[in-house]
There are 2 protein chains.
Amino acid sequence: MTSYKDKKVITIGIVHELTGLSERRIRYYEERGLIFPDRTKRGTRKYSFHDIETLMKIANKREEGVQTTEIKKDMLKEKKRNVREEMLRGQLNAYFKRKE
Amino acid sequence: MTSYKDKKVITIGIVHELTGLSERRIRYYEERGLIFPDRTKRGTRKYSFHDIETLMKIANKREEGVQTTEIKKDMLKEKKRNVREEMLRGQLNAYFKRKE
DNA sequence: CGTGTAAGGAATTCTGACACG
DNA sequence: CGTGTAAGGAATTCTGACACG
C-alpha cells in the first residue's frame, strides 16, 4: 500500500529541479494546504514522488488561472471519490472473496 | 522500466536517516565502487531507493566481515545473472509474442 | 582495510518580511 | 492572491587529511 511513491524523502532543492517550480511557490502551496511534506528532525522539508505529481497538477491549474482555494476544493473532491471507489472495491472483494 | 525506485533524488542526510549508516561509510562504499549516486549541478550526491537497498545489503555483508572487494565481486555476479535472465525472458517473450 | 573525526569552505534550507498588483 | 527577492542564521554537504588498526 505504501510504496516508494509515497515515501517522503526528497528535499525542496531536488523538487525544484524536478518540477521547475521555485522553492517559494512550493512552500506557498504548502501554506495553502495543498501539499504536506514531512520534516527532518531539524526542520528540512521532505517530499514524496506523489507530492511532486501533485505539484505538477497544481502548476497546471495555476497556469489556467485557477486559484489555490479552488484547487484545494477540487483535490478534496477527487480524494473523496477515491475513498468511495476504494470502499466499493473492498466490499466487492469481500463479497467475491477475491484477493488484492 | 525506470520506476521511482531507480530515480536518484535522495540526499545523503536522508540516506543516513533511512539506513543508519554514517555519511562517511556511505561515501566510502561509493569510493570502493559499490554504489553510484548521481550529483546535482553543484555536486551534492543523489541516491535512489535502489541504492538504499544496496547499501543495506552491503552493511549486512560487512557485519559478516566480508570485505568491500568481495562484496563488489558478488554484486557483479548477481548483476550478470540478472542480465542473463532478462535476455532469456526477452527471447521467450519474442518467441511467444507475449507482452510485458 | 574500514571508519571516525576535526577543519574550512561552499551551498542549502528556513523563517518572516517587504514589494507589487 | 500569488510570487519574487534580500536578509541572516542554522544546518548540510563536500573534500582531503590524520588516526587507528
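For the numbers below, each heavy atom of this structure counts, side chains included, while hydrogens, waters and symmetry mates do not. To find a chain, count down the sequence lines: A is the first, B the second, and so on, and within it residues start at 1.
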Given atom CZ of R32(A) and atom C1' of dT3(D), what is their separation to the nearest angstrom? 13 Å

Hey, does T68(B) reach any base, or is it just sugar-phosphate, or nothing, if we go heavy atoms under 4.0 Å? sugar-phosphate

With a 4.0 Å cut-off on N to O distance, would you call K46(B) and E17(A) a salt bridge? yes

Any donor-acceptor N/O pair under 3.5 Å between dT3(D) base and R25(A) side chain: no

Taking the nucleotide of DNA chain C with the nearest heavy atom to each, does Y28(B) or R42(B) sit closer to the 5' end? Y28(B)

For the side chain of R45(A) and the base of dT13(C), is some donor closer than 3.5 Å to an acceptor across the two? no

Looking at every strand, decide which applies to R27(A) at a 4.0 Å heavy-atom threshold: base, sugar-phosphate, or nothing. base

D51(B)/S48(B) under side-chain hydrogen bond (donor to acceptor under 3.5 Å, both in side chains): CA gap, chis, key distance, verdict: CA-CA 5 Å; D51(B) 289 331; S48(B) 66; 3.2 Å; yes

Starting from C1' on dT3(C), measure out to OH on Y29(B) and report it in whole angstrom. 8 Å

Identity of whatever pairs with dT3(C) - Watson-Crick or G-U, under 3.5 angstrom: dA19(D)

Quick check for you: to the nearest 0.5 Å, what is the distance between D74(A) atom CG and T69(A) atom OG1? 10.5 Å

Between CD1 of I12(B) and P of dT13(D) the distance, given in whole Å, is 7 Å

Are side-chain N/O atoms of Y28(A) and R24(A) paired as donor and acceptor at under 3.5 Å? no

Nearest-angstrom distance from the residue atom CD of E30(B) to C1' of dG2(C): 16 Å

Whether T40(A) contacts dA11(D) is assessed here as follows: a side-chain N or O lying under 4.0 Å from the phosphate OP1 or OP2. Is that the case? no

Describe the nucleic acid contact of R24(A) in one word from base, sugar-phosphate, nothing, applying a heavy-atom distance below 4.0 Å. base

Between R62(A) and dT3(D), is there a side-chain N or O to OP1/OP2 distance below 4.0 Å? yes

Could you give the CD-to-C1' distance, from E17(B) to dT12(D), as a whole number of Å? 12 Å

Separation of I14(B) atom CD1 from dA11(D) atom C1', in whole Å? 12 Å

Take the protein atom CG of L21(A) and the nucleotide atom P of dG2(D), then report the distance between them rounded to whole Å. 14 Å

Please determine, for dC14(D), whether a Watson-Crick or G-U wobble partner exists with both distances under 3.5 Å, and give it or none. dG8(C)

Of the non-hydrogen atoms in K72(B) and G33(B), which two are nearest, and what is the gap between them? CE-O, 3.7 Å

Once you round it to whole Å, what is the distance between C1' of dT3(C) and NZ of K61(B)? 20 Å

So, does S22(B) get its side chain near the phosphate of dG4(C), meaning an N or O under 4.0 Å from OP1 or OP2? yes

Comparing nearest nucleotides in DNA chain D, the 5'-proximal residue of the pair T11(A), V66(A) is V66(A)

